[in-house]
Amino acid sequence: MISLVISVYNEESILADAWEEIKKVLSKNNIDAEVIFVDDGSTDSSAKILNDIKQSETYAISIISLTRNFGHEAAMIAGIDHAKGDSIICMDADMQHPPSLIPEMVEKYNQGFHIVTMIREKRDDNSWIKNKASRLFYRFINRLSEYQLDENASDFFLISNDVAEKLRVNFRERNRFLRGFIQIVGFEKTTINFVAPVRIGGTSKYSFLKLLRLSANAVVSFSKSPLYLGIYIGMLFALFSICMAVYSLFVYFFGDTPPSGYTTLVLFMSISFTLLFFLVGIIGIYVGYNFDENKKRPLYLVKEIH
Ligand code: UDP
Ligand code: MG
């Protein structure tokens, strides 16, 4: 049996259609599945629609309602925590993760793969610049991190229950990048490419700011490199300072007039202070993340499970 984990946040306009499409795929391919909808604190009628779906179906459907909006990643983790299948597929409710690929994913699982990462070749709704930025982000993080992540891995994936168990026990970080985690647990893994179609309705819940935060989470949880930046810049500045000192002393003792260095001073001070404050900021980010981890607050809170 597979568990389908679908996170839902204010998706009233598409839920019914999405479910029809998923159901079609499941029944056509005779896939034994439990479906877990995680209602991530929706404020529209999503909860009611989910209940209606559950009432009218004979499928094993669970609805996990969170107490408030905890974010997509937390919702997926809630679903994974409660899944009972031999394998688990996480997907979006907006059909940008085509259900028609489910049989292919299950096939890979049957071949013995524990992890099937879906690689998004491109998103039809994304501008050229957004697709490019997403590719750049993966390049950047792979350069920084000791781990190598598949480029354009999406949060559409299949994991075996063995992998899920590792996530449930060992990856309980508050600041996380779930699709990164599943790539570093090990196990046999494979990928399938796909093109994400446009949303079947509604609007994207990921604002630019949210994406930026997700990217920062990913960098902090996968790399310590930014913390070393200070040392490198320090070395560079030390070299520079020595040159400046030798030059200044030379002119002071042997020159005709003492060096007038207003411009040099202003430039030197403003550049070094700028760098210094940036570095303090970077350290601040890591300290802040550490603070969050130490508080050990729950990743999500469940209001009720149907
Ligand atoms: N989602 C969620 N919680 C949130 C934001 C989004 O559960 O705080 C769900 C949303 O309902 C959808 C999936 O996560 O099923 C992906 O969100 P969206 O389509 O808005 O992101 P995009 O595809 O634009 O990156
Ligand atoms: Mg989407």
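First listed ligand is number 1; within each ligand, the first listed atom is number 1.
When non-hydrogen atoms are compared, ligand 1 lies under 4.0 Å from neither the backbone nor the side chain of Ile6. Only the side chain of Glu11 comes within 4.0 Å of ligand 1, counting heavy atoms alone; its backbone N, CA, C and O stay farther away. Under 4.0 angstrom from ligand 1, there are no non-hydrogen atoms of Met76.
Residues Phe37 and Ser7 form no side-chain contact, since every pair of their non-hydrogen atoms from C-beta on lies 4.5 Å or further apart.
Atom numbering of ligand 1 starts at 1 in the shown order; those under 4.0 Å from a heavy atom of Ser7 are 7 (O), 9 (C), 10 (C), 11 (O), 12 (C), 14 (O), 15 (O). Close approach to Lys210 involves these atoms of ligand 1, each under 4.0 Å from a residue heavy atom: 8 (O). For ligand 1, the atoms sitting less than 4.0 Å from at least one non-hydrogen atom of Tyr206 are 20 (O), 21 (O), 25 (O), numbered in the order shown with element in parentheses.
Distance from atom 24 (O) of ligand 1 to its nearest protein heavy atom, with residue and atom name: Ser204 OG, 2.5 Å. Looking from atom 25 (O) of ligand 1 to the surrounding protein, the closest heavy atom is Arg123 NH1, 3.2 Å. Here the protein heavy atom with the shortest distance to atom 19 (O) of ligand 1 is Asp94 OD2, 2.6 Å. Scanning the protein heavy atoms around atom 1 (N) of ligand 1, the nearest turns out to be Tyr9 CB, 3.7 Å. When only non-hydrogen protein atoms are considered, atom 5 (C) of ligand 1 lies nearest to Lys205 CB, 3.6 Å. Here the heavy atom of the protein found nearest to atom 3 (N) of ligand 1 is Asp40 OD2, 2.6 Å. Closest to atom 16 (C) of ligand 1, if we only count protein heavy atoms, is Asp92 OD2, 3.1 Å.
The two residues Glu11 and Asp44 make their nearest non-hydrogen contact at N-OD2, 3.5 Å.
Note on ring orientation: taking the six-membered ring where Trp is involved, the planes of Phe177 and Phe222 are perpendicular (angle over 60°, cut-offs 30° and 60°).
Within a 6.0 Å radius of NZ in Lys28, other residues, nucleotides and ligands contribute 12 heavy atoms or fewer. Under a cut-off of 6.0 angstrom, the local environment of OH in Tyr147 is sparse, with at most 12 non-hydrogen atoms contributed by other residues, nucleotides or ligands. Within a 6.0 Å radius of NZ in Lys166, other residues, nucleotides and ligands contribute 12 heavy atoms or fewer.
Under the 4.5 Å side-chain heavy-atom criterion for ILVMFWY residues, a single connected hydrophobic cluster contains both Ile80 and Leu301. Note: the hydrophobic cluster containing Ile22 also contains Phe156 (ILVMFWY, side chain heavy atoms under 4.5 Å, direct or indirect links).
Not one N/O/S atom of Tyr206, from backbone or side chain, sits under 2.8 Å from the Mg ion (ligand 2).
A ring-centre distance under 6.0 Å is not found for Tyr109 and Phe113. Taking the six-membered ring for Trp and the full ring otherwise, Phe237 and Phe268 have centroids separated by under 6.0 Å.
With atom 8 (O) of ligand 1 as the reference point, the heavy atom nearest to it among Asn69, Ile14, Leu66, Val198 is part of Asn69. For the residues Arg199, Gln96, His72, the heavy atom positioned nearest atom 18 (P) of ligand 1 is part of Arg199.
Looking at Asp94 and the Mg ion (ligand 2) together, the shortest N, O or S contact belongs to OD2.
A cation-pi arrangement, defined by a distance under 6.0 Å to the six-membered ring centre and an angle within 45 degrees of its axis, is present between Arg68 and Phe70.
Polar contact with ligand 1: present for Ala93 (N/O pair, distance under 3.5 Å).
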